[in-house]
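Okay, structure first, notes after.
Start at 1 with the first residue, then count along the sequence. Because only heavy atoms are used, hydrogens play no part in the values below, and waters and symmetry mates are left out as well, while side chains stay in. This structure is a prediction, so every number in the text was calculated from the model and none was measured. All ligand and atom numbering here is 1-based and tracks the order in the structure.
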Amino acid sequence: MKLILLGPPGSGKGTQAVRITQKYRVPHISTGDIFRSHIRRESALGLEVKNYLDQGLLVPDEVTVRIVENRLTEPDCQDGFLLDGFPRTLMQAKALDEGLQKLGKALTAVINLEVRNDTVIKRMAGRQICSGCGETYNLYFNKPQTEGICDKCNRALYTRSDDTEETIANRLRAYAGQTAPLIGYYSRKGLLVPVNGEQSADEVFNSVSGALKLGFL
Ligand code: AP5
Ligand code: MG
């Protein structure tokens with residue numbers, strides 16, 4: 001299973017990635033998570049990309065492609081992977097095609113989570129994440145039992161620094177201008193699996209696994 005999860009910011013890529021990687025036993029590669037982990041550790045890469053994430057702008061293609069190319073050569077990616085948030089530009093998509101070709105691999109499917117703008121804005125504005133185990137909650141759709149505390153590990157919840165009104169607007173603009181064209185790109189290759197991302201998280205996952213079973217396995 002060599003999968004891409006495509007969708008606007010806040011569409012539920014991370015939420016579905018947890019379910020998909022558990023079911024299909026492939027590594028979850030989220031470029032956003034990789035960048036945030038470098039920013040937390042204040043590594044050279046973290047310092048290089050921090051301003052882009054803070055402003056909701058895309059990190060330059062050369063930087064992002066290099067990271068993903070290196071990650072895909074690691075042993076756990078040999079039998080499959082799930083890319084979440086990559087590619088995000090046509091240049092990244094073409095670089096991925098070339099990189100996979102060199103490795104003698106091909107994509108299985110590109111799952112496109114279709115979610116309206118007003119829904120993604122609400123999902124991002126309400127998102128809370130556990131500082132301990134990384135579990136994601138939502139003040140509108142999936143509240144923790146005790147305010148500000150994780151149900152699973154009792155640690156404090158935090159809000160992502162790019163989930164502010166201004167940054168959300170920039171992220172949506174970057175998506176519309178630079179990422180949305182990938183829908184046509186993968187559709188023309190016969191790889192696109194459109195999924196209604198407006199359903200509950202479990203229903204979305206049922207749709208994803210149903211589509212993968214029917215057309216791509
Ligand atoms: P990244 O971390 O990838 O962020 P994003 O694309 O903006 O997407 P999110 O992580 O915000 O949302 P999601 O789709 O994962 O939704 P989630 O499951 O959390 O990227 C961050 C930044 O890194 C970028 O802005 C850019 O600067 C940089 N970057 C990353 N990749 C890059 C690349 N390839 N090139 C260049 N730059 C790059 O869900 C959101 C909320 O909704 C949660 O609260 C969740 O509980 C809730 N929810 C989820 N599903 C449902 C549902 N079905 N019903 C109700 N609520 C739901
Ligand atoms: Mg995410």
Under the side-chain hydrogen bond (donor to acceptor under 3.5 Å, both in side chains) test, residues paired with Glu48 that sit two or more places apart: none

From [atom], work out which of [options] has a heavy atom at the shortest distance.
atom                    : options                : result
atom 48 (N) of ligand 1 : Arg127, Lys122, Arg123 : Arg123
atom 33 (C) of ligand 1 : Glu135, Gln55, Arg88   : Arg88
atom 4 (O) of ligand 1  : Lys13, Arg160, Glu198  : Arg160
atom 45 (C) of ligand 1 : Leu6, Asp33, Thr15     : Thr15

Nitrogen or oxygen of [X] less than 3.5 angstrom from that of ligand 1:
X      : result
Val59  : yes
Gly12  : yes
Gly85  : yes
Asp163 : no
Asn142 : no
Met124 : no
Pro87  : no
Gly14  : yes

Can you tell whether the side chains of Arg88 and Asp61 come within less than 4.0 Å, N to carboxylate O? no

Of all the non-hydrogen atoms in the protein, which one sits nearest to atom 53 (N) of ligand 1, and at what distance? Gln199 O, 2.9 Å

Can a donor-acceptor pair be found between the side chains of Thr167 and Gln55 at a distance below 3.5 Å? no

Testing the 3.5 Å rule here: is there a donor-acceptor pair between the side chains of Gln128 and Thr136? no

Sub-4.0 Å heavy-atom approach of [X] to ligand 1:
X      : answer
Ser200 : yes
Gln128 : no
Gly7   : no
Glu203 : no
Tyr175 : no
Ser30  : no

Just let me know how [X] lines up against ligand 1, side chain, backbone, both or neither, with a heavy-atom cut-off below 4.0 Å.
X     : result
Leu57 : backbone
Thr64 : side chain
Arg36 : side chain

Quick check on contacts: which atoms of ligand 1 are under 4.0 angstrom from a heavy atom of Arg171? 5 (P), 7 (O), 9 (P), 11 (O), 25 (O)

Rounded to the nearest 0.5 Å, what separates atom CD1 in Ile39 from atom OG in Ser161? 7.0 Å

Keeping the roles fixed (side chain from Lys13, backbone from Pro8), state whether a donor-acceptor pair exists under 3.5 Å. yes

So, the side chain of Tyr137 versus the backbone of Asp151: is there a donor-acceptor pair under 3.5 Å, distance only? yes

